[in-house]
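When a residue number appears, it is its place in the shown sequence, counting from 1. None of the values given here were measured: they were computed from a predicted structure.
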Amino acid sequence: VRIVGAPVETGDGTPSKVAGALQNLSDRKEAERELKEERDRLETLFESLPTPVVRCRVEGDTATIVGANGAFEETFGVSAADVEGDDTNALLVPEGEHEEAAEIERRALENGTVEREVRRMAKVGPRYFRVQVAGRQREAGPSELYAIYTDITEQKRRERQLRQAETLFQNAQDPLFLVDVRDENGEEAFTYRRVNPAYEHKFRCSVEEIRGHSIQDNFGEDTARSMRKKCRECIQQKEPLEYEETIPLDGHRTHWRTRLAPVIINGEVRQIVGTTQDMTEQRRRKKKLERQNDLFRRAQDIADIGAWEY
């Protein structure tokens, strides 16, 4: 309780009594206590977040660091106390990317939040981050920005590798295929997931027609039996397997050199990727050459015994 009092004077200016009032401060004290607790909770959350967070004050076109959590210090190799008051962009943004960084800050102050993929200078060098920036414009005092950084460098690397693999898969000259390995009554079963354009061309099928179907659906039981056997060998060995096989195609026997490689997830073979090379023409030329060599040797034998003299 706050007591407020003032003297009440008589007509000649002599104080005759005191007028007072009691002001109940309980509600105000409670509000101040709750506000302090809320600030303490936010500060605890700020410090305990596993991702880098930085708090900035915006004055004019410059955002300067007010505070940063431990994850920020570790990721960017700085001490929050040492960089307090520094320009955030000058500290983190690579050369040539400052205009984009300033635009992110402007949009955050205008719209409240902005999320972008950016490149920033970390302790170990340039890294890719998904940054979430929240802006708060205050009626009195400078505006504030909070930025949360999530490192996506490895994700970007995997995406790049996936794009490269997809390019190779689609443009390879030899047929490529991917089959899923699943359990069917205690025995491995194999269904097609994907094939590349070269496979579609060689085996007269489309990926839409073959996806989800078994090997025997595409080649018949006799050929599929041998293919399943090789797939199971690959699973048992958990290593690449190379072999030659004969496949009936358009009423003819065609010859192929096939290589299988297991896709291992959590110690189990979940898929098999394969590539196969048409050896039919090469086998035909080889047999033709062998026949020519055999005829030549026979001719030599006849000449050696003088058969040409008669």
Side-chain angles (χ1 to χ4, degrees), residues 38-138 141-170 178 193-194 263-266 270-271:
E38 182 66 19
R39 285 175 177 168
D40 289 344
R41 283 194 294 268
L42 289 174
E43 189 65 28
T44 300
L45 177 63
F46 179 80
E47 289 296 335
S48 61
L49 280 174
T51 52
V53 184
V54 62
R55 181 171 59 231
C56 303
R57 179 188 297 113
V58 182
E59 295 178 303
D61 294 330
T62 304
T64 56
I65 296 174
V66 175
N69 68 350
F72 183 94
E73 294 178 310
E74 174 62 27
T75 299
F76 295 103
V78 297
S79 164
D82 292 342
V83 298
E84 187 173 340
D86 287 0
D87 183 340
T88 316
N89 293 341
L91 179 68
L92 302 179
V93 180
E95 191 68 30
E97 300 178 24
H98 289 263
E99 186 175 339
E100 180 194 21
E103 189 234 344
I104 292 174
E105 293 172 353
R106 285 194 299 270
R107 288 188 176 275
L109 290 174
E110 291 171 1
N111 303 328
T113 58
V114 173
E115 183 173 326
R116 293 277 183 85
E117 289 186 6
V118 300
R119 197 166 61 103
R120 293 292 182 261
M121 297 302 297
K123 179 171 64 175
V124 296
R127 304 281 290 181
Y128 287 95
F129 294 89
R130 179 177 295 109
V131 62
Q132 296 170 287
V133 184
R136 185 167 73 99
Q137 298 197 34
R138 304 169 63 184
S143 301
E144 293 180 332
L145 288 172
Y146 287 82
I148 303 175
Y149 295 88
T150 303
D151 193 331
I152 58 171
T153 306
E154 288 305 308
Q155 176 186 328
K156 298 281 283 186
R157 182 185 62 81
R158 289 193 296 270
E159 289 174 353
R160 184 171 61 253
Q161 290 177 334
L162 185 60
R163 287 194 299 271
Q164 293 170 344
E166 180 66 17
T167 300
L168 291 172
F169 186 86
Q170 292 296 335
L178 178 67
R193 176 177 288 267
R194 294 189 63 189
V263 179
I264 301 174
I265 301 174
N266 297 326
R270 301 298 185 187
Q271 294 176 321

Enquirer: Can you tell me how far apart CZ (Arg158) and OG1 (Thr153) are? Round to the nearest 0.5 Å.
Expert: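 Answer rounded to 0.5 Å: 10.5 Å.
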
Enquirer: If I take atom CD1 from residue Ile265 and atom CZ from residue Arg270, how far apart are they, to the nearest 0.5 angstrom?
Expert: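 Separation between the atoms: 7.0 Å.
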
Enquirer: Is the closest side-chain heavy-atom distance between Val66 and Arg55 below 4.5 Å?
Expert: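 Side chain of Val66 against side chain of Arg55, heavy atoms only: contact under 4.5 Å found.
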
Enquirer: Applying side-chain hydrogen bond (donor to acceptor under 3.5 Å, both in side chains), can you list everything that pairs with Arg130, at least two apart in sequence or on another chain?
Expert: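 By the side-chain hydrogen bond (donor to acceptor under 3.5 Å, both in side chains) rule, Arg130 matches no residue at all.
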
Enquirer: Not counting sequence neighbours, list each pair that qualifies as a salt bridge (Lys or Arg N to Asp or Glu O under 4.0 Å) and has a residue in residues 60-75.
Expert: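 Found Glu74-Lys123.
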
Enquirer: Considering non-hydrogen atoms only, spot the tightest contact between Thr75 and Pro52 and give its length.
Expert: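 Distance-wise, the nearest heavy atoms are OG1-CG, 3.3 Å.
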
Enquirer: Check residues 80-91 and write down every donor-acceptor pair under 3.5 Å in which the side-chain atom is one partner and the other belongs to a residue at least two apart or another chain.
Expert:
unit_1: Asp87; atom_1: OD1; unit_2: Asn89; atom_2: N; d: 3.0
unit_1: Thr88; atom_1: OG1; unit_2: Ala63; atom_2: O; d: 3.0
unit_1: Asn89; atom_1: ND2; unit_2: Glu105; atom_2: OE2; d: 3.2

Enquirer: Output all residues satisfying ring pair (Phe, Tyr, Trp, His ring centres under 6.0 Å) with Phe129, sequence neighbours left out; order by chain, then residue number.
Expert: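 Result, ring pair (Phe, Tyr, Trp, His ring centres under 6.0 Å) vs Phe129: Phe76, Tyr149.
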
Enquirer: Using the side-chain hydrogen bond (donor to acceptor under 3.5 Å, both in side chains) criterion, which residues pair with Glu100? Sequence neighbours excluded.
Expert: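 Listed in chain order: nothing, the list is empty.
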
Enquirer: Could you measure the distance from the CZ atom of Arg57 to the CG atom of Leu145? Nearest 0.5 Å is fine.
Expert: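 With rounding to 0.5 Å, CZ (Arg57) is 11.5 Å from CG (Leu145).
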
Enquirer: Keeping to residues at least two apart or across chains, list the salt bridge (Lys or Arg N to Asp or Glu O under 4.0 Å) pairs with something in residues 145-157.
Expert: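 Qualifying pairs, neighbours excluded: Glu117-Lys156, Arg127-Asp151, Glu154-Arg157.
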
Enquirer: Testing the basics here: between Ala147 and Val131, what is the closest heavy-atom pair and its distance to 0.1 Å?
Expert: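 Heavy atoms of Ala147 and Val131 come nearest at CB-CG2, 4.2 Å.
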
Enquirer: What is the distance from atom CG of Leu92 to atom CZ of Arg120, rounded to the nearest 0.5 Å?
Expert: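 Here the interatomic distance stands at 7.0 Å.
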
Enquirer: Quick one: side chains of residues 162-169, donor-acceptor pairs under 3.5 Å with protein atoms, not counting sequence neighbours, listed by atom name and distance.
Expert:
unit_1: Glu166; atom_1: OE1; unit_2: Arg194; atom_2: NH1; d: 2.9
unit_1: Glu166; atom_1: OE1; unit_2: Arg194; atom_2: NH2; d: 3.4
unit_1: Glu166; atom_1: OE2; unit_2: Gln170; atom_2: NE2; d: 3.0
unit_1: Glu166; atom_1: OE2; unit_2: Arg194; atom_2: NH2; d: 2.9
unit_1: Thr167; atom_1: OG1; unit_2: Arg163; atom_2: O; d: 2.9

Enquirer: Please answer whether the main-chain N or O of Thr51 pairs with a side-chain N or O of Asn69 as donor and acceptor at a distance below 3.5 Å.
Expert: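 Yes; judged by distance alone, with no hydrogens or angles, the pair exists.
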
Enquirer: Would you say Gln161 has more than 12 foreign heavy atoms packed within less than 6.0 Å of its CD?
Expert: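 Yes, because the 6.0 Å sphere around CD of Gln161 holds more than 12 heavy atoms from other groups.
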
Enquirer: State, yes or no, whether a side-chain contact exists between Phe72 and Val53 at a heavy-atom distance under 4.5 Å.
Expert: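 They are not in contact (no side-chain heavy atoms under 4.5 Å apart), so the answer is no.
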
Enquirer: What ring-ring contact (aromatic ring centres under 6.0 Å, His included) pairs are there with at least one residue in residues 79-119, not counting sequence neighbours?
Expert: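 Passing the test, one end in residues 79-119: no pairs.
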
Enquirer: Under the rule for side-chain hydrogen bond (donor to acceptor under 3.5 Å, both in side chains), what residues qualify as partners of Arg107, not counting sequence neighbours?
Expert: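 Glu103.
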
Enquirer: Among residues at least two apart in sequence or on other chains, which ones pass salt bridge (charged side-chain N to carboxylate O under 4.0 Å, His left out) with Arg119?
Expert: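 Here the qualifying residues are Glu97.
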
Enquirer: Checking Ser143 now: which residues fulfil side-chain contact (heavy atoms from CB on, under 4.5 Å) with it, not counting sequence neighbours?
Expert: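 Listed in chain order: Val58, Leu109, Gln137.
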
